[in-house]
Number of protein chains: 2
Amino acid sequence: MTSSGLESLIEALRCLPGVGPKSAQRMAYHLMQRDRKGAQCLGQSLLHALEAVRHCQRCNTFTEADICERCASSRRDRTLLCVVETPVDMNMMEQTLAYKGLYYVLMGKISPLDGVGPHELGLERLVSRVLDGEVREVVLATNFTNEGEATAHYLTVLLGQKGVRVTRIARGVPVGGELEYVDSGTLAQAMRERRGAAD
Amino acid sequence: MTSSGLESLIEALRCLPGVGPKSAQRMAYHLMQRDRKGAQCLGQSLLHALEAVRHCQRCNTFTEADICERCASSRRDRTLLCVVETPVDMNMMEQTLAYKGLYYVLMGKISPLDGVGPHELGLERLVSRVLDGEVREVVLATNFTNEGEATAHYLTVLLGQKGVRVTRIARGVPVGGELEYVDSGTLAQAMRERRGAAD
C-alpha cells in the first residue's frame with residue numbers, strides 16, 4: 001500500500017467508538033470506492049460541528065447557542081431538575097411526555113475504572129446549578145447499571161448535604177412485563193420497593 | 001435538540017457501512033464530548049483522502065500516483081495476473097509470500113441483486129489489461145462465496161474466449177484443519193478435486 005492518504009484515513013476512522021482496524025479499513029474502502037459524496041459530507045459535517053457545537057451553560061447538553069432552547073423555554077417547571085447521563089437519555093425522557101421540568105446532562109457517569117471521578121464529571125457545575133435558587137427537587141435518572149447507581153448514590157449524598165430534595169426514578173417490573181420473563185434482580189427490587197396498591 | 005450541526009453530523013455518519021441511527025448518534029456524541037481532536041483529524045483525513053486517493057491505471061487498486069508501486073516494480077513476474085475482489089484480498093495474498101506476479105483489483109464482484117453486473121464492475125478494463133501483451137496466466141482469486149464464484153465463472157468464460165490461460169486458486173480443507181470440523185460442502189469439494197498424492 002503506497003497510498004498514505006488512505007492509511008491516514010483508516011487510522012483516523014479508529015477514533016470512532018467500536019471501530020477496530022478491520023472495520024476502519026472496510027469503511028475507508030467503502031467511502032473511497034462507493035460513496036465519495038458521503039465522505040465529503042461527513043468530512044465537512046465533522047469540521048462544522050467542531051466549530052458550532054458546544055455545551056449549554058445551564059444544562060450541559062450539546063447546543064449551538066449559549067443556553068439551549070429547553071433551558072430558555074418559559075413553559076417548563078423550573079423547580080424540577082432531572083439529572084441524566086447523556087443527551088440520548090434526555091430525549092428518551094422527553095418522549096415519555098411525563099416530565100415537564102428542566103434537565104442537567106452529566107455527559108457521562110462516575111466510573112473509577114475509566115478514571116472518571118466526581119471531579120472529571122464536573123459535578124461542581126451541577127451543584128451550583130442546583131443551588132441557583134429555583135430548583136426544589138432533583139430527580140436522578142441515571143441508568144440502573146453499576147456505574148449509574150454509583151453516580152446516583154454519590155449525587156444523593158452530595159446534594160442531600162445542600163438541603164435539596166433528591167429523588168430517584170422508580171425501579172421495577174416494566175409496563176407490559178410478565179413476571180415469568182423478568183430477571184430475578186428486578187423482581188426482588190420490585191418486591192422490596194412495593195407500594196400501597198391504592199396509590 | 002436545537003443543535004443542527006450535531007444533527008447533520010449524525011446524519012452524515014450514516015454513510016459509513018454498518019452504522020445505523022443509534023450508532024451514528026453514539027459516535028457523534030463521543031466525538032463531540034470525548035474526542036474533538038480525533039474528530040478534527042478524521043474530518044481532515046477524509047477531505048485529504050478525497051483529494052489524493054485515486055485508482056492505479058493498471059491494477060485498479062487505491063493509490064496516490066498514476067501507477068501504484070507494485071505495478072511499477074521491476075521485481076514482479078509480469079506474466080501472471082491475479083484477480084481479487086478488494087485491496088484487502090490483495091494484501092492477504094501478498095502476506096502469504098507465495099505469489100510474485102501482478103494483480104488486478106475488481107473493487108467489487110458481480111452481484112445482480114445489488115445491480116452490479118460486468119459493465120458496472122468495469123471488466124472491459126480488466127480485459128484490455130490482460131490483452132496488453134505480457135500476461136500469460138490469469139489467476140482468479142475471488143472469494144468462494146456465491147457472488148465470488150459467479151464472478152470467477154464469468155471471467156473464466158470471458159477471458160477464455162481471448163485465448164488466455166485462466167486458473168482458479170484451490171478449494172479444500174484448510175491447512176491445519178481437521179475433517180471433523182470442516183463443513184461438508186468444503187469436504188465434498190476437497191474429495192471431488194482430489195489430486196495425486198505425490199504431486
Side-chain angles (χ1 to χ4, degrees), chain A residues 1-19 22-23 25-56 61-65 68-70 72 86-88 90-91 94 107-108, chain B residues 1-19 22-23 25-56 61-65 68-70 72 86-88 90-91 94 107-108:
Chain A
M1 303 286 289
T2 56
S3 50
S4 66
L6 197 63
E7 275 165 21
S8 321
L9 175 58
I10 292 171
E11 191 53 41
L13 280 163
R14 296 194 51 193
C15 73
L16 297 172
V19 174
K22 285 258 176 189
S23 340
Q25 197 176 47
R26 195 163 53 92
M27 285 173 169
Y29 288 161
H30 172 84
L31 291 176
M32 288 301 114
Q33 180 64 21
R34 308 233 172 278
D35 197 3
R36 289 195 166 227
K37 211 174 137 199
Q40 181 87 29
C41 172
L42 177 55
Q44 285 164 351
S45 299
L46 276 163
L47 301 180
H48 170 71
L50 284 169
E51 291 271 316
V53 177
R54 47 207 166 119
H55 293 283
C56 171
T61 194
F62 293 119
T63 176
E64 294 184 18
C68 76
E69 258 183 27
R70 204 164 281 144
T86 66
V88 181
M90 179 169 69
N91 291 342
E94 280 295 286
M107 292 288 178
Chain B
M1 306 285 290
T2 57
S3 47
S4 66
L6 197 63
E7 274 166 23
S8 321
L9 174 57
I10 292 171
E11 191 51 41
L13 279 163
R14 296 193 52 192
C15 74
L16 297 171
V19 174
K22 286 260 175 190
S23 342
Q25 196 176 47
R26 195 164 54 91
M27 286 174 168
Y29 288 162
H30 172 85
L31 291 176
M32 289 300 114
Q33 180 64 19
R34 310 235 170 276
D35 197 3
R36 287 193 167 231
K37 212 174 136 198
Q40 181 87 33
C41 171
L42 178 54
Q44 285 164 352
S45 301
L46 276 164
L47 300 181
H48 170 71
L50 284 169
E51 290 272 314
V53 177
R54 47 208 166 121
H55 293 282
C56 171
T61 194
F62 293 120
T63 176
E64 293 184 18
C68 75
E69 260 183 27
R70 203 165 281 142
T86 67
V88 181
M90 179 169 70
N91 290 343
E94 279 295 285
M107 293 287 177

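All chains are named by letter (A, B, ...) in the order of the sequence lines, taking the proteins before the strands, and each is independently numbered beginning at 1.
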Least distance between heavy atoms, B:Ala12 atom then A:Cys41 atom: CB-SG, 3.9 Å
Nearest-0.5 Å distance that lies between atom OG in B:Ser23 and atom CG in A:Leu16: 10.5 Å
Shortest non-hydrogen contact from A:Glu64 toward B:Ser4: OE2-N, 3.3 Å
Top contributor to chain B contacts, counting heavy-atom pairs under 4.5 Å, from A:Gly38, A:Cys56, A:Gly43: A:Gly43
Shortest non-hydrogen contact from A:Pro17 toward B:His30: CD-CD2, 3.7 Å
Taking every non-hydrogen atom, the tightest pair across B:Val53 and A:Leu6: CG2-N, 3.8 Å
Contacting moiety of A:Ala39, where chain B heavy atoms sit under 4.5 Å: both
Distance in Å, B:Leu50 CG paired with A:Lys37 NZ, rounded so as to fall on 0.5 Å steps: 13.0 Å
Shortest non-hydrogen separation from B:Leu31 to A:Cys15 and the atoms involved: CD2-SG, 3.7 Å
Distance in Å, B:Arg36 CZ paired with A:Leu46 CG, rounded so as to fall on 0.5 Å steps: 11.0 Å
Which atoms of A:Arg34 approach chain B - backbone, side chain, both or neither, heavy atom under 4.5 Å: side chain
For A:Met27 against B:Val19, the heavy-atom pair lying closest together: CE-CG2, 3.8 Å
Top contributor to chain B contacts, counting heavy-atom pairs under 4.5 Å, from A:Glu94, A:His48, A:Gln40, A:Glu51: A:Gln40
Non-hydrogen side-chain atoms of A:Phe62 and B:Gln33 separated by less than 4.5 Å: yes
Atom group of B:Leu47 that falls short of 4.5 Å from chain A, counting heavy atoms: side chain
